[in-house]
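Reading through the structure tokens given below for one structure.
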Amino acid sequence: MRVVWFKRDLRIADHGPLVEAVESGEDILFLYVHEPERCRQPDVSALHTAWEVANARALSRSLQRRGGTVQIRIGEPTAILSELHAHDPLTHLHSHQETGLMWSWERDKRVAGWCRANGVQWNEHPSNGVVRGLEDRDRWNGLRNRRMTAACFAAPESVQTHPYIDSIDETVEVVPDHRNLVNTPLEAGERAAHGWLDSFVERRWVDYLATISNPATSPNASSRLSAYIASGVLSVRQVKQRLLKAMHEAHGQSSVNMADFRKNINAFTSRVSWRCHFVQRLEMETTMNTQSINPQLDAALERTNVEQRYQAWADGRTGWPFFDACMRSLKATGWINFRMRAMMQSVAAYTLWLPWQRTGNHLARLFIDYEPGIHWSQIHMQSGITGINAVRAYSILKQSLDHDEAGDFIRTWVPELSMVPTPYIHEPWTMSDSMQETTGTVIGVHYPKPIVDENEARGLGIKAAYAARKHEEVKAQSARVYSRHGSRKQRRQRRSTRAPVKKDVEKDPQTSLLDFQVAQAGSNEDKGRLKG
Ligand SMILES: Cc1cc2nc3c(=O)[nH]c(=O)nc-3n(C[C@H](O)[C@H](O)[C@H](O)COP(=O)(O)OP(=O)(O)OC[C@H]3O[C@@H](n4cnc5c(N)ncnc54)[C@H](O)[C@@H]3O)c2cc1C
């Protein structure tokens with residue numbers, strides 16, 4: 001028989017390994033494995049596995065409706081394969097390639113060894129835009145684009161039923177419903193995923209750029225596709241091709257303002273493209289959760305763990321109202337927008353000078369959409385340890401005033417501050433003693449004092465970050481990082497316009513789009529950032 005092993009590709013549409021197995025006409029077992037080894041990793045939480053199992057169950061229902069036999073098992077993949085092999089000898093294993101951290105590579109090596117030892121052919125198909133075996137990025141864009149424009153695989157209408165193996169789900173009563181862990185509007189399965197995609201390209205794009213950085217409005221205005229793409233319920237190619245279709249449909253529709261439509265959809269498309277760029281980075285550096293891609297720079301920064309700072313940051317009890325509101329909202333819902341994620345990590349790295357590995361693991365565990373490739377790339381960037389991205393140390397006060405001027409988001413998530421008048425909501429410690437008494441918000445009693453002086457600590461962090469980048473060995477390593485991982489988009493543009501070659505600095509998707517908006521608005525965001 002053949003086994004189709006589903007990992008983070010929990011869909012039946014645009015699934016090459018599934019189509020390949022079905023076309024063989026041989027008996028098939030569809031397998032998903034809930035792996036205890038994965039659950040023990042420091043970046044993995046019950047939320048991740050609950051969300052994934054919910055999607056595996058939805059997939060199982062779809063496959064069983066088409067006649068398929070599906071097993072959702074708990075255990076070590078090679079042990080489960082051995083057991084199945086004893087029942088009905090396997091000839092082929094079909095799956096997508098998985099880009100993950102070191103433990104998943106080691107597991108895949110064990111599976112490859114098991115296949116070799118048992119004479120089983122393992123057909124691994126490429127996943128999204130990630131290209132295995134590349135040494136640098138010179139050919140990557142072209143290879144990725146070719147994949148994105150190829151036709152999606154259609155979902156099979158029917159699949160073979162295994163003649164004597166039964167469908168089972170060992171996770172019932174073991175893995176909870178993800179909605180019992182966080183308050184989320186996300187429902188599992190392909191139908192729900194396409195619902196979010198369709199509603200975004202048909203209606204919700206209107207508010208995308210204007211509201212995605214506001215933590216109160218972004219839960220509805222942002223596409224919310226990340227958790228579906230992370231678990232492979234949607235492929236990146238499906239998203240890209242749906243966007244192209246929407247572009248065609250919008251043309252000639254008098255009700256659509258094409259300039260607005262293009263601006264919003266292009267911004268969204270560019271983020272989706274950056275996704276594969278970052279996952280490709282992890283594909284080439286599997287230890288990004290423990291080691292910086294620029295170890296010389298990381299070592300020069302000498303960040304240190306101060307337990308009290310870490311706990312205040314992780315619990316959302318720093319004494320900075322907007323930061324605490326963001327952390328508490330993330331804990332309760334499993335999602336927060338890009339800008340707030342960037343701020344949270346940058347506060348840990350620059351203002352509190354905490355080591356990025358621990359804070360990165362904490363954030364990873366809280367995100368329902370955890371995708372190691374994007375996550376660790378962003379943790380590196382927001383901590384200033386790549387050497388190829390600009391130093392960006394977010395000011396909490398500036399973000400608070402920009403995105404929650406009236407303090408409503410703060411009052412929702414930090415109820416201790418609900419009686420604080422608006423002029424003081426961003427810095428409640430500036431209230432007089434008598435005002436603290438009358439509002440029932442005594443700082444240091446009902447709500448913590450700021451853990452450090454933000455302005456001063458952030459300034460010191462920025463200074464230290466620039467100083468570390470000046471070391472000769474750091475500069476040399478930064479050039480190597482750019483050559484191996486930097487986006488080639490800018491480099492090609494420079495060559496074609498024959499502009500003088502400047503220092504290699506890679507932009508990141510959201511901030512480069514924001515730079516565009518800021519330039520248009522005529523403000524000086526960078527100066528604001530440095531000065532707070
Ligand atoms: C510290 C930090 C950690 C992050 N960790 C993750 C993570 O674990 N998983 C994750 O999916 N995103 C992560 N992001 C990127 C981004 O914040 C989320 O993708 C986004 O907020 C998800 O919401 P959305 O689907 O509505 O995004 P949209 O803005 O609607 O974007 C559409 C899609 O594009 C991709 N995307 C968006 N932003 C980025 C980006 N900066 N880089 C690469 N791809 C992007 C995602 O797949 C997303 O679903 C992280 C960002 C930061 C700063």
Side-chain angles (χ1 to χ4, degrees), residues 8 43-45 47-48 51 99-101 128-130 184-186 193 196-197 199-201 204-205 207-215 217-236 238-240 242-243 264-282 288-289 326-327 330 333-349 356 359-385 389 392 394 487 506-514:
R8 292 192 293 131
D43 56 330
V44 174
S45 65
L47 176 61
H48 302 158
W51 169 246
T99 301
L101 295 168
N128 292 319
V130 176
T184 178
L186 303 181
W196 282 94
L197 176 56
S199 70
F200 182 75
V201 297
R204 291 188 300 117
W205 61 265
D207 297 322
Y208 184 63
L209 275 177
T211 55
I212 44 166
S213 292
N214 179 318
T217 53
S218 52
N220 292 323
S222 205
S223 76
R224 302 303 305 270
L225 295 179
S226 51
Y228 294 108
I229 307 178
S231 296
V233 182
L234 287 174
S235 71
V236 173
Q238 286 177 302
V239 176
K240 288 261 190 182
R242 180 69 183 86
L243 287 168
N264 282 281
I265 293 291
N266 285 347
F268 171 78
T269 309
S270 114
R271 285 163 170 82
V272 176
S273 301
W274 277 92
R275 183 182 199 287
C276 294
H277 169 78
F278 287 129
V279 180
Q280 181 70 35
R281 186 173 288 181
L282 181 68
M288 284 179 71
N289 58 330
C326 287
M327 186 61 90
L330 169 61
T333 65
W335 186 88
I336 198 155
N337 68 39
F338 171 86
R339 185 161 267 251
M340 298 307 122
R341 295 183 196 206
M343 178 192 77
M344 289 158 106
Q345 178 53 29
S346 128
V347 166
W356 54 272
T359 56
N361 277 329
H362 177 77
L363 290 176
R365 288 192 295 268
L366 296 178
F367 294 152
I368 191 170
D369 59 16
Y370 175 50
E371 167 57 65
I374 307 178
H375 185 74
W376 292 104
S377 297
Q378 283 294 342
I379 292 291
H380 284 201
M381 287 159 72
Q382 306 305 337
S383 311
I385 53 163
N389 300 102
R392 280 179 196 277
Y394 285 75
S487 162
E506 183 187 69
K507 289 216 160 194
D508 74 82
Q510 265 85 353
T511 42
S512 56
L513 286 157
L514 279 160

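Counting starts at 1 for both ligands and their atoms, in listed order.
Contact annotation: for Tyr370 versus ligand 1, heavy atoms closer than 4.0 Å belong to both the backbone and the side chain. With a heavy-atom cut-off of 4.0 Å, Phe278 touches ligand 1 through its side chain alone.
Under a 4.0 Å heavy-atom criterion, Phe200 is not in contact with ligand 1. Taking a 4.0 Å cut-off on heavy atoms, Tyr228 fails to register as neighbouring ligand 1. Under a 4.0 angstrom heavy-atom cut-off, Val272 registers as being in contact with ligand 1.
Interface atoms of ligand 1 facing Trp335, defined by a heavy-atom separation under 4.0 Å, are 22 (C), 23 (O), 26 (O). Near Ala342, with a cut-off below 4.0 Å to any heavy atom, the atoms of ligand 1 are 53 (C). Close approach of ligand 1 to Phe268 (heavy-atom distance below 4.0 Å) involves ligand atoms 30 (O), 32 (C).
Backbone and side-chain nitrogen or oxygen atoms of Leu363 are examined, and none is located within less than 3.5 angstrom of a nitrogen or oxygen of ligand 1. Not a single N or O atom of Trp274, backbone or side chain, sits closer than 3.5 Å to an N or O atom of ligand 1.
Between atom 6 (C) of ligand 1 and the options Arg271, Arg341, Arg224, the minimum heavy-atom separation is to Arg341. Comparing heavy-atom distances from atom 46 (C) of ligand 1 across Gln345, Arg204, Arg275 singles out Arg275 as nearest. The residue from His48, Met344, Gln382, Gln378 that puts a heavy atom closest to atom 51 (C) of ligand 1 is Gln378. Counting heavy atoms only, Glu371 comes closest to atom 7 (C) of ligand 1 of the residues Glu371, Arg339, Met343. The nearest non-hydrogen atom to atom 5 (N) of ligand 1, considering only Met381, His375, His380, His277, comes from His375. Summarising the contacts of atom 9 (N) of ligand 1 with Thr269, Asp369, Ile374, the nearest heavy atom is found in Asp369.
What you find for Val130 and Gln280 is that their closest heavy atoms are CA-OE1, 3.3 Å. Between Ala348 and Thr359, the closest heavy-atom pair is CB-CG2, 3.7 Å. Cys276 and Gly129 make their closest contact through SG-N, 3.5 Å (heavy atoms, listed as atom of the first residue, atom of the second, distance). In terms of heavy atoms, Ser223 sits closest to Arg204 at O-NH2, 3.0 Å. Of all the heavy atoms in Tyr208 and Ala221, the pair that sits closest is CD1-O, 3.7 Å. Nearest heavy atom pair, residue Pro372 against residue Leu282, reads CB-CD2, 3.6 Å.
For Trp51 and Tyr228, the ring centers sit closer than 6.0 Å to each other.
Remark: Thr269 OG1 to Asn264 CG distance equals 10.5 Å, nearest 0.5 Å.
Using a 4.5 Å heavy-atom cutoff, the side chains of Leu47 and Leu366 are not in contact. The side-chain heavy atoms of Arg281 and Trp376, taken from C-beta on, include no pair separated by under 4.5 Å.
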